[in-house]
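Let me begin by presenting the structure, written as structure tokens, before commenting on it.
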Amino acid sequence: MKEITYKNKPRTEPVKLPEPLGFGVYFTDNILEMDYNTESGWHNLQIKPLENYSFHPATLFFHYGQVLFEGLKAFRQKNNDIVIFRPEKHIERLNNSARRLCMPTIDVDFAVEALRELIAVEKDWIPEKKGESLYIRPLMIGVDSALGVRVSETYKLIYLLSPVGAYYAEGFKPVKILAQDDYVRAVRKGTGECKTPGNYAASLIGSEMAKAQGYSQVLWLDGVELKNIEEVGTMNIFIIFKDEIVTPELSGGILPGVTRLSVIETLRGWGHTINERAVSIDEFVEQYDKGNVVDVFGTGTAAIISSVGELKFRDKIMKINNGSYGELAIKLFDHFTGLQYGEIEDTHNWFVPVNSEVPVS
Ligand SMILES: Cc1ncc(COP(=O)(O)O)c(C=O)c1O
């Protein structure tokens with residue numbers, strides 16, 4: 001492990017978590033920051049107080065979009081152990097995003113180790129109720145300052161932490177989604193499989209249109225033919241037909257969700273067959289009309305499982321499970337929250353412990 005400089009101020013008073021926590025509203029006192037340049041690689045690791053940044057207006061990332069991020073969670077389990085969910089998968093995905101955007105990759109073990117150190121320092125910020133968590137936002141930006149489109153030579157990687165409330169504080173609630181064919185979010189061989197702000201910026205107009213019609217998220221279709229179902233706003237999608245469980249294959253336009261992977265592995269472990277294949281919106285409508293759509297749900301770090309109670313495509317409104325949630329969705333949700341809270345044994349070794357004894361200087 002490279003040396004970390006601890007610049008965090010000693011905590012003089014116990015952390016008092018705000019109520020309600022919501023999502024991404026509150027942040028812990030300290031961040032971890034490191035720098036990159038071609039001579040030294042990643043260096044200058046610091047755990048330091050969260051403060052505003054100051055950048056020259058010509059800094060490359062503002063203009064040409066060399067920005068990527070990740071989103072993962074740490075949990076306080078019922079016996080007070082602190083664990084992070086599959087951090088190495090998130091860092092691998094960060095590296096995939098980095099390769100596509102000509103940004104530097106990072107050694108996975110080193111990046112996870114640095115994260116464990118920060119979380120150990122900020123552990124008092126992790127809420128304790130089942131379903132609550134510490135959301136972790138790694139962020140990488142290209143910080144050369146000069147105008148002109150080119151690859152930056154210097155970067156910052158920042159870990160930002162935010163205690164978040166339970167997603168379903170008011171009970172497991174199905175969402176209504178709108179399939180969108182006026183706009184696309186990403187195209188194959190573009191940046192759809194990266195976690196980079198441009199994809200989210202491109203999706204905003206569709207989300208606004210969906211909201212105006214009373215739908216909470218967009219179901220995106222592929223960006224080439226506007227035919228195949230890709231993913232929902234911030235979730236991957238699973239469809240349960242009468243005789244098949246399907247999730248869209250990773251076409252290059254879809255973010256490869258860590259929850260998606262974990263749900264596939266769990267369902268396979270439970271003896272289900274999951275087919276990763278192209279599913280067109282026309283096939284979905286046809287199966288719906290035949291009464292063959294049993295359930296639809298989304299998967300993602302924020303909600304884990306989000307049941308879809310209604311899907312609209314053009315003028316067709318399709319109620320799923322009478323607008324309620326399906327059995328498998330709720331079973332998966334209970335399973336994953338049970339794992340997070342330490343009530344169910346982690347047989348896959350998905351959760352990485354945080355050593356809470358790290359000295360804080
Ligand atoms: C566009 C998009 N798709 C899918 C997901 C789900 O990915 P994960 O399960 O890794 O959170 C997310 C959330 O990160 C997302 O933003």
Side-chain angles (χ1 to χ4, degrees), residues 23-24 67-75 84-97 100-101 108 112 115 133-140 160 162 164 167 175 177-180 183-188 190-207 210 216-223 228-239 247-267 274 276 296-308 329 332-333 335-337 339-340 348 350-352:
F23 182 86
V67 182
L68 59 84
F69 65 98
E70 265 303 320
L72 64 159
K73 281 178 171 175
F75 303 90
I84 318 171
F85 184 63
R86 308 193 83 171
E88 71 297 339
K89 287 281 167 221
H90 285 275
I91 300 296
E92 282 166 18
R93 189 170 68 186
L94 178 127
N95 280 339
N96 287 339
S97 301
R100 177 63 180 81
L101 295 167
V108 174
V112 171
L115 179 58
S133 59
L134 184 72
Y135 184 77
I136 304 158
R137 171 54 60 91
L139 170 72
M140 196 196 293
L160 180 65
S162 168
V164 299
Y167 195 85
V175 292
I177 59 174
L178 178 76
Q180 169 66 260
Y183 296 98
V184 295
R185 167 193 171 275
V187 292
R188 209 164 300 156
T191 56
E193 59 189 0
C194 308
K195 216 162 161 60
T196 187
N199 295 334
Y200 296 87
S203 74
L204 292 175
I205 191 165
S207 315
S216 61
Q217 294 210 34
V218 173
L219 175 65
W220 294 103
L221 302 180
D222 78 87
N228 291 329
I229 290 174
E230 296 238 292
E231 63 184 325
V232 188
T234 54
M235 302 186 292
N236 296 109
I237 190 157
F238 285 72
I239 301 162
T247 189
E249 65 194 352
L250 298 175
S251 60
I254 299 177
L255 191 80
V258 178
T259 321
R260 173 190 183 277
L261 174 69
S262 311
V263 163
I264 292 175
E265 289 171 359
T266 301
L267 289 176
I274 318 296
E276 294 177 69
V296 179
F297 58 83
T299 63
T301 295
I304 318 172
I305 304 291
S306 227
S307 263
V308 176
L332 281 164
F333 179 77
H335 181 74
F336 277 88
T337 41
L339 280 169
Q340 291 170 347
H348 291 93
W350 282 338
F351 290 86
V352 172

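When a ligand or atom number is given, it counts from 1 through the structure's own listing order.
Using a 4.0 Å cut-off between charged side-chain N and carboxylate O, Lys89 and Glu265 make no salt bridge. The pair Arg260-Glu231 does not count as a salt bridge, with every side-chain nitrogen at least 4.0 angstrom from each carboxylate oxygen.
In this structure, Phe85 and Phe351 have tilted ring planes: the angle between them lies in the 30° to 60° band.
When side chains are defined from C-beta on, Glu230 does not count as touching Arg185, because their heavy atoms never get closer than 4.5 Å.
Contact shell of ligand 1 (protein heavy atoms, cutoff 4.0 Å): His90, Arg93, Arg185, Lys195, Tyr200, Glu231, Gly233, Thr234, Met235, Asn236, Leu255, Gly257, Val258, Thr259, Thr299, Gly300, Thr301.
By the ring-ring contact (aromatic ring centres under 6.0 Å, His included) test, Tyr167 is found to be paired with no residue, residues two or more places apart in sequence or in another chain being considered.
A side chain to side chain contact (heavy atoms under 4.5 Å, CB included) with Phe297 is found for one member of Asn236, Ile237, Leu332 and no other, namely Leu332.
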